[in-house]
Amino acid sequence: MTTPVAERLTSLVAALRAHGIRVGTGETVDAAQAMAALGFEDRELLREGLAATLLHGIAQRPVFDPVFDLYFPRGVGAPEPGTADRDDLRDRLAAALAANDEALLARLAAEAVDGFGGYGSAPGSDGWSSYQTLDRVRPQTLLARVRADVGARNGSSGFADRLLDDEIRRRIEAFRGLVATEARRRVAERRDRDQIARRAVAPTADRVDFLFAGKDRLAELRRTVQPLARKLATRLAARRRRAARGSIDLRRTLRGSLSTGGVPMRPVLRRRRPARPELVLLCDVSGSVSGFSDFTMLLVQALHDQFSKVRVFAFVNRIDEVTGLLEHGAADAAGLGARIQAEATLTGWHGSSDYGVALGEFAERHGDAVGPRTTVFVLGDARTNMSDPNLAAVRLITERARRVHWLNPEQRSLWGTGDSAAPEYAELVEMHECRNVRQLGALVGRLLPI
Amino acid sequence: MFTSVDDVSVRLAETGYLASPSVATTVFLADRLGKPLLVEGPAGVGKTELAKAVAEIAGAELVRLQCYEGVDESRALYEWNHAKQLLRISAGRDETWDETRTDIFSEEFLLTRPLLTAIRGDEPKVLLIDETDKADVEVEGLLLEVLSDFQVTVPELGTITATRRPFVVLTSNASRELSEALRRRCLFLHIGFPEEELERRIVRLKVPGLDAALAESVVRVVGALRAMDLRKVPSVAETIDWARTLLALGADSLDETVVRATLGVLLKHQDDVLKAAAKLDLDAL
């Protein structure tokens with residue numbers, strides 16, 4: 001293998017590692033062998049070959065594809081200069097969308113970025129923007145035209161026609177992706193490719209910060225709830241199995257040994273009473289952390305058959321039970337936050353969160369929800385808006401409950417800054433940093449009672 | 001075994017398995033690099049079928065290890081035939097202990113299980129380890145030795161090394177995260193739902209009597225259902241079932257009544273049926 005190709009491969013691997021994908025040397029060697037076996041004629045085969053050798057799971061694919069596009073680009077430099085006319089480009093785009101011609105769409109994306117995505121003129125400050133390209137070309141406004149086009153071409157095909165709009169929307173979405181890829185490629189040609197690969201490629205869903213996740217990222221996260229819950233359930237079951245065997249029940253072993261003349265032939269293991277763990281969740285659902293709370297509530301709800309009882313309370317500055325809302329809302333995860341806000345009494349005099357009042361109200365009104373078999377999880381950033389953190393209420397809850405854990409979606413270095421009362425609370429209960437799905441999965445798997 | 005990726009696609013197609021480019025590429029590499037193939041994906045997209053198709057092409061024997069919770073060494077690797085050993089001991093009463101001992105731990109008394117079967121012998125074999133995620137973590141440790149060196153150690157007989165490496169396919173539904181060590185030894189292949197065009201070809205191949213236009217509508221409706229947020233989205237197997245149902249009903253085009261009556265073939269939960277009916281503008285059930 002020639003040096004430049006090997007170098008290209010190793011920098012690709014380095015970029016993947018920077019995104020937290022663990023690729024060993026052995027896999028890199030495999031990838032090189034795959035490249036040698038596949039050749040360079042077909043780029044898509046090369047992509048699949050490298051994915052097969054370097055990746056270990058489907059969750060890594062959304063990171064791999066853009067990185068691959070950067071290191072093994074479709075072309076180099078500007079495309080064949082097309083007409084710089086916006087209407088003409090839109091005409092051709094509409095025709096390509098109607099025909100669903102993927103190769104043509106890729107070429108049009110390159111042309112669009114070349115024609116409408118460039119900004120700046122001085123070297124160093126110029127670049128290519130997918131946002132600007134899409135803003136000028138406006139592919140989403142082509143829907144009606146494409147629909148008419150397809151109708152004219154194929155005639156009506158009956159029932160399936162009602163699906164056409166969604167299909168066209170998916171094609172337009174794919175085109176937007178192509179434009180983004182192309183813009184990244186053009187930028188990478190001007191600047192350092194390694195840096196673009198690290199910065200401009202979005203991280204895998206399980207590493208997205210809850211607090212900074214946008215709407216579609218949160219929707220993507222919600223789709224991971226069920227698989228994650230299933231994984232955690234098997235992990236809990238395994239922990240339970242392991243905990244059920246092990247220690248020897250001395251009294252019953254000795255009793256059994258009487259029939260063999262006092263020689264303990266058959267050790268009897270202690271049988272655990274099937275503990276029925278109960279779970280209470282206290283969730284801050286104020287705007288700043290609601291993404292995190294929603295996700296965790298859905299996760300716990302998906303795990304509910306692992307526990308004898310799960311009760312969920314939501315608060316902003318007043319607290320209310322929302323267990324019922326969660327149960328029949330299993331089908332509609334997206335509307336959960338809005339439904340909680342609408343149907344539960346969460347705010348009193350003002351709309352900002354107040355941990356002290358809410359926790360105090362919980363201890364007072366719902367104190368019977370917490371007993372010696374209960375594990376309590378508090379979810380929130382512990383930002384009390386400068387009001388009294390009400391440590392007495394927390395102390396009361398910790399005394400009653402079996403365990404209390406606090407999951408904080410802020411990074412640890414920010415605890416205690418500004419109006420955060422995290423250090424005070426952390427003295428009373430175990431507080432864990434829980435910024436993304438990966439951390440949440442690990443914590444839930446470890447902390448949930450068995 | 002294969003000369004090129006295209007060769008893989010063509011020969012898989014001959015056995016009735018239509019492969020996407022990613023499947024063909026990965027199978028080609030697994031053969032070339034001699035590495036096991038780890039296949040993940042939703043149920044009913046043809047993970048197990050892939051192994052069968054490869055076995056058919058290679059004219060190889062398919063050795064299958066079905067994993068389940070509690071599968072262990074004696075089910076996966078080998079076991080001594082105790083009953084036969086006892087018979088042998090009682091048959092040779094006059095022998096010395098040394099003679100008996102060397103005799104009862106010989107090949108004759110060994111019961112080979114799938115993993116050992118796959119690496120013994122000279123004829124080509126395809127080893128299918130199905131639903132690897134159902135097995136306990138301990139079994140993974142066992143697989144590591146077998147899959148990296150293709151050898152098995154039987155204390156009484158010594159180490160048995162494969163003279164001819166089998167083509168290994170592991171499948172997983174991802175109900176448990178397989179260990180990193182196992183993943184490292186394998187090529188990773190995710191078989192997702194096929195592209196529209198490929199799925200159309202699959203339907204035409206598996207349900208030959210179906211009208212081409214109807215097949216296209218079928219695939220488009222299934223594609224729309226997959227885009228919805230359902231508890232269990234229909235897989236390729238369900239698409240084929242649906243196409244067969246439509247053929248059996250003698251429907252020559254899709255309309256609301258037919259779709260409503262047969263939605264149960266595609267969707268397995270009542271919530272999903274209701275949701276899909278609402279999204280597809282079917283009248284209330």
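Order of the sequence lines sets the chain letters (A, B, ...), proteins ahead of strands, with each chain counted from 1.
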Under 4.5 Å from any heavy atom of chain A - which part of [X]:
{"X": "B:K35", "result": "side chain"}
{"X": "B:D272", "result": "neither"}
{"X": "B:L37", "result": "neither"}
{"X": "B:S253", "result": "neither"}
{"X": "B:D31", "result": "neither"}
{"X": "B:V259", "result": "side chain"}
{"X": "B:L187", "result": "both"}
{"X": "B:R32", "result": "side chain"}

What distance separates A:D42 CG from B:S4 OG, expressed to the nearest 0.5 Å? 11.0 Å

Give, for atom OG of B:S22 and atom CZ of A:R61, the distance between the pair rounded to the nearest 0.5 Å. 7.0 Å

If I compare all heavy atoms of [X] with all of [Y], which pair ends up nearest, and what's the gap?
{"X": "A:R170", "Y": "B:A227", "result": "NH1-CB, 3.2 Å"}
{"X": "A:G49", "Y": "B:T25", "result": "N-CG2, 3.9 Å"}
{"X": "B:L33", "Y": "A:D30", "result": "CD1-O, 3.8 Å"}
{"X": "B:R184", "Y": "A:G24", "result": "NH1-N, 3.4 Å"}
{"X": "A:L55", "Y": "B:F188", "result": "O-CB, 3.3 Å"}

Any non-hydrogen side-chain atom of A:E48 less than 4.5 Å from a side-chain atom of B:L29? no

Contact origin within A:D166 toward chain B - heavy atom pairs under 4.5 Å: neither

Part of A:E44 within contact of chain B (heavy atom distance under 4.5 Å): neither

Is there any residue in residues 193-200 of chain B with a non-hydrogen atom under 4.5 Å from a non-hydrogen atom of chain A, and which ones are they? B:E195

So the side-chain hydrogen bond (donor to acceptor under 3.5 Å, both in side chains) pairs with at least one residue in residues 14-25 of chain A (sequence neighbours excluded) are none

Please identify each residue that fulfils salt bridge (charged side-chain N to carboxylate O under 4.0 Å, His left out) with A:R438, with sequence neighbours left out. A:D206

Residues at least two apart in sequence or cross-chain that pass ring-ring contact (aromatic ring centres under 6.0 Å, His included) with A:F64, listed by chain then number, are A:F68

